[in-house]
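These notes concern the structure reproduced below.
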Amino acid sequence: MKKNEEAVQTPLWTVCRRFSENKAAMAGAVIFLLIFLVMLAGPFFFPLDLSYSESTQANVPPGRSLMKLPSELEGKLADIVVGATFSVGLSTEGKVFVWGHGQVTGTTDVAEIPQEVQDSVITAVAAGNDHVVALSEDNRIFVWGNTRLGQGDIPEALKNADRIVQIAAGNQCSAVVDENGRAYLWGNENLCDIQIKEEYQGRIRKLVFTGFAYAVLLEDGTVAYTGRKETAVSDIPERARQGGVADLAATAQTVAAVFEDGTALVWGNCVKGEERVPEAGGEFVKLVGGRYHYTAVTKAGEILSWGDNSFRQASPPKRKKTKVVDVFCGSYQNYALYEDGSVETWGLKGYFCGTDEFGRDIFVRLLNGGRMTMTVGAAAVVISTVLGVIIGGISGYFGGKVDLLLQRFTEIVSALPFLPFAMILSSVIGSSMTENSRILLIMVVLGVLNWPGLARLVRAQVLAEREKEFVTAARSVGVREAVIVFRHVIPNVLSVIIVSATLDFATCMLTESSLSYLGFGVMPPQPTWGNMLSGANNSTVIRSYWWRWVFPAVVFAICTVCIHLAGDGLRDALDPKTEER
């Protein structure tokens, strides 16, 4: 009975059955299909901003622990300050904790808290992009992390200073304010305006850093810019100059003032919508700034966030727990402390695959780069398959002088050194093109130079098929030669074409990546797997930032191997001689 059932099975059903019985081929096909679907749909959920660059997020390793509070702070949290990729917590017992990615340089980790800090009772902490400042109960200042540019060079005048009431840290700079209203600033003067005009000394209540400057709140409730350079935040609105300011906050390029009536005003370089202060529905009682967003608590206990929302940092939780006691904010992270001692977080938890030297998410670039690599490979295969089938079919069917001419042309194309020729063509012609035109050119070049192998295979198969009876019968009834070739002969060699096109797909992907790796393919910032690997082509990256080359290499390798497994399995399934009878 089984033999009778097999006898009536259609050829397609037989091919599918035999292919499904090949476990390696099925696994390869399924894995490749999953990768293809992820790369196709992923960019819609994780869109790519080609202009994005964020130096503070450069070379962050994979992980989702940027907001993972230590268990020791449960029920004992007094304060949280946030650096570029790390957070610092202060307990009610005066102990300091650091979490997130604290490796701020190749040899410096802010999570390595100095022993003298651990042995002291700390009353306040502040975090810059790459260092931490702490104040002990006996009025001592501690600085650790990256101190190569003067962040830790505490001024001599501070040794005899009055009681310190505030500490602050910015981009490679630090500051303190004492109880007599005097401010002391130190650090990298080339990066941040940390000069102070003497006439303001003795009147300063609070100091806040932006990414390149600072502003102060004076004792009379007015805001002043006490530095010496003109910056985006030095042009203070008239309302803030007149007084009535209760508090100050800042982002990387803006400053916000909270007035005594609970309203807020933002000024500076508002590139992410920081100036669009929402209707509070009540007075602001606390306002803190992150990298490009603000978070506030209203008198009614509502949490509001606005500004940049790239990592959901401006989307506070909607559910109500208990009364909000405090909020902490910095970089792309937010923390809310509730009356029951619990802490809720929102914002950037980390990166699945880490970031590159420009702070770009490798996972997002991997998805978008995969779509580009597969698109280029697929388009090139279509072009090369069409050319190979047409030239191979005509050459094999007509023979004679036509065959001789087409085969000599095939040999000329085959003799071209593929990669050097593609590199030269891309460099000479592509230099005057737009990026989209350049990508189209690469597809055409790959397709036009990759067809000779398939043309020879098709020619050999057609030479055998043209001698069969069905071709003679078609000629005898007057069927045109072109119809015989492409409607009767070519379908009989379709199995060879499908297998060759499948394997060529992987080859074209490899070639495109090779061109991009060598700098002659798709150019950054448009990602492909090839130019992502090219960007990791130095010993420092290979040794210290493994995630920048491991993830593209592994996905590319898996994808290529799976295509070859599926292609080999398809070839075996289409060849009846491989099945034992």
Side-chain angles (χ1 to χ4, degrees), residues 54-73 77-91 93-136 140-154 166-176 185-188 191-192 209 211 252 288-291 328-335 343 345 347-351 354-355 357 359 544-545 547:
E54 181 52 74
S55 59
T56 64
Q57 301 297 304
N59 295 317
V60 179
R64 303 286 288 173
S65 61
L66 295 187
M67 291 191 293
K68 189 175 181 180
L69 273 74
S71 58
E72 293 86 347
L73 284 175
L77 181 61
D79 193 13
I80 296 177
V81 292
V82 185
T85 58
F86 61 90
S87 297
V88 183
L90 180 64
S91 72
E93 299 171 344
K95 299 301 179 182
V96 177
F97 300 88
V98 179
W99 60 93
H101 174 58
Q103 194 78 32
V104 293
T105 70
T107 57
T108 305
D109 192 339
V110 297
E112 298 175 357
I113 303 171
Q115 189 61 46
E116 56 183 349
V117 176
Q118 299 180 39
D119 295 339
S120 302
V121 177
I122 304 300
T123 58
V125 287
N129 284 350
D130 56 4
H131 70 291
V132 181
V133 182
L135 173 66
S136 67
R140 286 191 298 163
I141 297 291
F142 302 99
V143 182
W144 71 94
N146 181 18
T147 58
R148 297 175 183 174
L149 297 169
Q151 301 97 310
D153 298 339
I154 302 173
Q166 186 209 353
I167 59 174
N171 190 5
Q172 299 181 354
C173 53
S174 310
V176 300
L185 297 96
W186 65 94
N188 186 356
L191 187 62
C192 188
F209 278 111
V288 283
R291 181 68 176 167
F328 314 101
C329 174
S331 191
Y332 298 100
Q333 289 79 34
N334 300 270
Y335 302 84
V343 177
T345 64
L348 176 61
K349 294 181 179 179
Y351 302 91
T355 63
E357 72 274 27
S544 303
Y545 310 123
W547 57 90

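Treat the numbers as computed from the prediction; the structure is a model and nothing was measured. Residue numbers run from 1 in the order of the sequence given.
- Nearest approach of Ala124 to Ile167, heavy atoms of both residues: O-CD1, 3.5 Å.
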### Message
Pair Val96, Phe142 - check side chain to side chain contact (heavy atoms under 4.5 Å, CB included), show working.
### Response
CA-CA 12 Å; Val96 177; Phe142 302 99; over 6 Å; no

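- Shown here for Gly354 and Trp547, the closest heavy-atom pair between the two residues is CA-CD1, 3.8 Å.
- Every residue two or more places apart in sequence or in another chain that forms a side-chain contact (heavy atoms from CB on, under 4.5 Å) with Thr147 is listed here: Val143.
- Looking at Tyr351 and Gln57, their side chains do bring a donor and an acceptor atom within 3.5 Å of each other.
- By the 4.5 Å heavy-atom criterion applied to side chains, Ile122 and Leu90 are counted as neighbours.
- Taking 4.5 Å as the limit, every side-chain heavy atom of Asn171 sits out of range of all side-chain heavy atoms of Cys192.
- Taken from SG in Cys173 to CG in Asn188, the straight-line distance is 8.0 Å, to the nearest 0.5 Å.
- Here the shortest heavy-atom pairing between Gln151 and Trp186 reads O-NE1, 2.7 Å.
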### Task
Begin from the C-alpha positions of Phe328 and Ser87 and carry the test side chain to side chain contact (heavy atoms under 4.5 Å, CB included) through to its verdict.
CA-CA 10 Å; Phe328 314 101; Ser87 297; over 6 Å; no

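- From Thr355, atom OG1 reaches atom OH of Tyr545 across 9.5 Å, with rounding to the nearest 0.5 Å.
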### Message
Let's go through Val132 and Val81 carefully: what are the C-alpha distance in whole Å and the side-chain angles of both, what is the deciding distance for side chain to side chain contact (heavy atoms under 4.5 Å, CB included) to 0.1 Å, and is it a yes or a no?
### Response
CA-CA 9 Å; Val132 181; Val81 292; 5.7 Å; no

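- To the nearest 0.5 angstrom, Asp79 atom CG is 11.0 Å from Ser91 atom OG.
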#### Entry: side chain to side chain contact (heavy atoms under 4.5 Å, CB included) assessment of His131 paired with Val110
CA-CA 7 Å; His131 70 291; Val110 297; 5.6 Å; no

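- At least one side-chain heavy atom of Leu185 sits less than 4.5 Å from a side-chain heavy atom of Phe209.
- Here the CG atom belonging to Asp119 is positioned 7.0 Å from the NZ atom belonging to Lys95, to the nearest 0.5 angstrom.
- Scanning all heavy atoms of the two residues, the minimum distance from Val121 to Glu93 falls at CG1-O, 4.2 Å.
- Inter-residue side-chain proximity for Pro61 and His101 is flagged as met; some heavy-atom pair is nearer than 4.5 Å.
- Residue-environment remark: CZ (Arg64) exceeds the threshold of 12 foreign heavy atoms within 6.0 Å.
- What you find for Leu149 and Gln172 is that their closest heavy atoms are CD1-OE1, 3.0 Å.
- Side chain of Ser65 to main chain of Lys68: no donor-acceptor pair is present (N/O by atom type, distance under 3.5 Å, no hydrogens or angles).
- For the atom pair CD1 (Ile80) and CG (Asn334), the distance works out to 10.5 Å, reported to the nearest 0.5 Å.
- With Lys349 contributing its side chain and Met67 its backbone, the two residues share no donor-acceptor pair below 3.5 Å.
- Ser136 approaches Ser120 most closely through the heavy-atom pair CB-CB, 4.2 Å.
- Arg291 CZ to Gln333 CD: the interatomic distance, rounded to the nearest 0.5 Å, is 12.0 Å.
- Within the 4.5 Å cutoff, side-chain heavy atoms of Tyr335 are placed close to those of Leu69.
- Contact check for Val104 versus Asp109: no side-chain heavy atoms found under the 4.5 Å cut-off.
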